[in-house]
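One structure is given here, and the rest of the page talks about it.
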Amino acid sequence: MKFIFHGAAKEVGRSCIELITQKNRFLFDSGIKLKSITESDVVEENKQQEVEYPTWVNDLEKINAVFLSHAHLDHSGALPMFNHFGLECPIFATQATAATSDILLKDSYKIESLIKKMEYGKGNIKRIQNLIQFVNYKIRYTMPNSDVHYTYFDAGHIPGSSSVLLETEGKRILYSGDINFIDTNLMKQADTNYGEVDILITESTYGDREHTDRKETENELIESINEGLKKGPVLLPTFAVGRAQELIIMLAEKVDAPIYVDGMASSITKMYMNYGNFIKDFNEFKNAISKVEFVQDSMQRRDLMKQKGVFITTAGMLDGGPIIDYLKTLWNNKDCSLFLTGYQAEHSNGRMLLNKGRLMLENREVEFRGKFRQFDLSAHTGLTGLKNFIKKINPKKLIINHGDAPAEDNLKQYAESLGIETYEPELDDRIEIN
């Protein structure tokens with residue numbers, strides 16, 4: 001069998017691994033990568049970075065199946081483009097992944113089409129949804145008329161996220177997807193009861209660093225929010241999928257102020273109400289949702305900004321979405337607090353804020369006059385979790401992907417110290433395993 005790495009090779013983004021066997025061709029994920037903007041670029045509400053797609057996959061019409069780990073665009077975003085160029089196979093995914101990806105793909109198309117003419121259309125997004133075949137966790141499925149088996153396991157990353165165990169040609173191949181090994185407010189930790197694994201393909205996002213203690217970080221964030229509310233509004237720019245809902249649960253009982261949810265965080269949160277079996281404690285989630293108010297439009301947003309409250313809104317890196325509206329009004333307000341809770345990509349507006357205390361707004365660079373700080377609430381496992389994962393699985397062969405070069409290098413060094421044959425592919429590399 002042969003693995004070809006069309007993305008996420010010494011990079012985070014555009015996950016797409018092609019597996020070629022004697023009888024079949026499969027894809028693990030089909031994502032996109034948002035290219036970084038420069039600090040001189042204009043950051044507007046509808047601005048999105050240029051998109052990098054996976055490197056070319058030959059004869060897409062001959063792919064037999066796509067195993068979709070979860071809905072984030074760096075894992076699902078290339079599917080409509082692939083469909084445009086001939087992909088017409090089953091796409092296996094959980095119901096929560098299917099519902100979430102539908103929202104994300106439509107939003108990605110809407111924003112990207114404002115910037116350039118798109119090769120694919122809305123019909124391709126609809127076709128992708130029609131190609132999805134739902135899977136449940138921990139059920140061993142068999143592809144028709146074949147000896148290929150596949151099982152999905154809860155990856156603990158976001159609702160519906162999965163690790164995929166594929167059995168073919170006498171090999172048991174585990175694709176981790178994005179994975180998390182601690183319980184959070186929203187999610188149970190990953191299920192790792194896979195049995196024996198011959199080939200492990202693992203993410204390595206935090207392969208060279210640890211996270212701060214989760215409970216300590218949450219307590220510090222809550223304390224900072226309550227302190228900020230004594231002066232003025234508190235902005236929580238966030239990722240719409242997973243992180244926004246995590247914050248809602250975390251804050252619902254511990255903040256004595258109105259909590260508002262805005263942007264795509266609203267639509268994803270409402271959608272999750274239909275998928276309670278993918279959430280750790282659905283009753284707690286429902287109770288938390290009852291404590292927040294969803295912002296309906298820009299007029300209401302402008303009115304609410306005049307009062308004290310907590311605003312959970314997209315986008316998490318300050319590069320678009322309703323957070324731009326808030327910043328246009330509040331950047332000069334020394335009583336405003338802004339707390340980042342996710343990764344800030346190099347050259348993003350959020351990274352610029354952390355590095356310089358400044359933002360790009362309406363064609364100019366401004367100094368943010370309020371208080372700001374970053375908190376680590378990652379939904380990826382840290383270095384110790386990855387090491388324990390590799391040691392527990394103890395695969396015959398390990399393939400490291402979905403990480404920057406230093407993270408992958410560090411994890412490779414550790415795996416080889418355990419005597420595991422380890423691969424660290426570059427983009428377009430081919431690995432043949434007999």
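Here, residue 1 is the first one in the sequence, and each next residue gets the next number.
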Tyr120 and Tyr109 aromatic centres sub-6.0 Å:
yes
**Q.** Exercise: do Thr55 and His6 side chains pair donor with acceptor under 3.5 Å
**A.** yes
Q) Under a 4.5 Å cut-off applied to non-hydrogen side-chain atoms, are Phe67 and Tyr150 in contact? A) yes
Expected list for residues 387-395: side-chain donor-acceptor pairs under 3.5 angstrom, two or more places apart:
from   : atom 1 : to     : atom 2 : distance (Å)
Asn388 : ND2    : Thr384 : O      : 3.4
Lys392 : NZ     : Thr192 : OG1    : 2.6

On a heavy-atom basis, the closest approach of Arg373 and Glu220 is NH2-OE1, 2.6 Å
Practice item. For residues His75 and His157, establish whether the separation of their ring centroids is below 6.0 Å. Key: no
If only side-chain N and O atoms count, and only distance matters, is there a donor-acceptor pair under 3.5 Å linking Asn185 with Glu218?
yes
Checklist line | Side-chain donor-acceptor pair present, Gln95, Asn274, cut-off under 3.5 Å | finding: no
Partner of Arg301 under side chain to side chain donor-acceptor pair (under 3.5 Å), picked from Thr313, Thr329, Asp325, is Asp325
* Any side-chain donor paired with an acceptor under 3.5 Å for Gln189 and Asn180? -> no
Any chance the side chains of Tyr326 and Asp262 put a donor and an acceptor closer than 3.5 Å?
yes
His72 and Asp178: side chain donor to acceptor below 3.5 Å
no
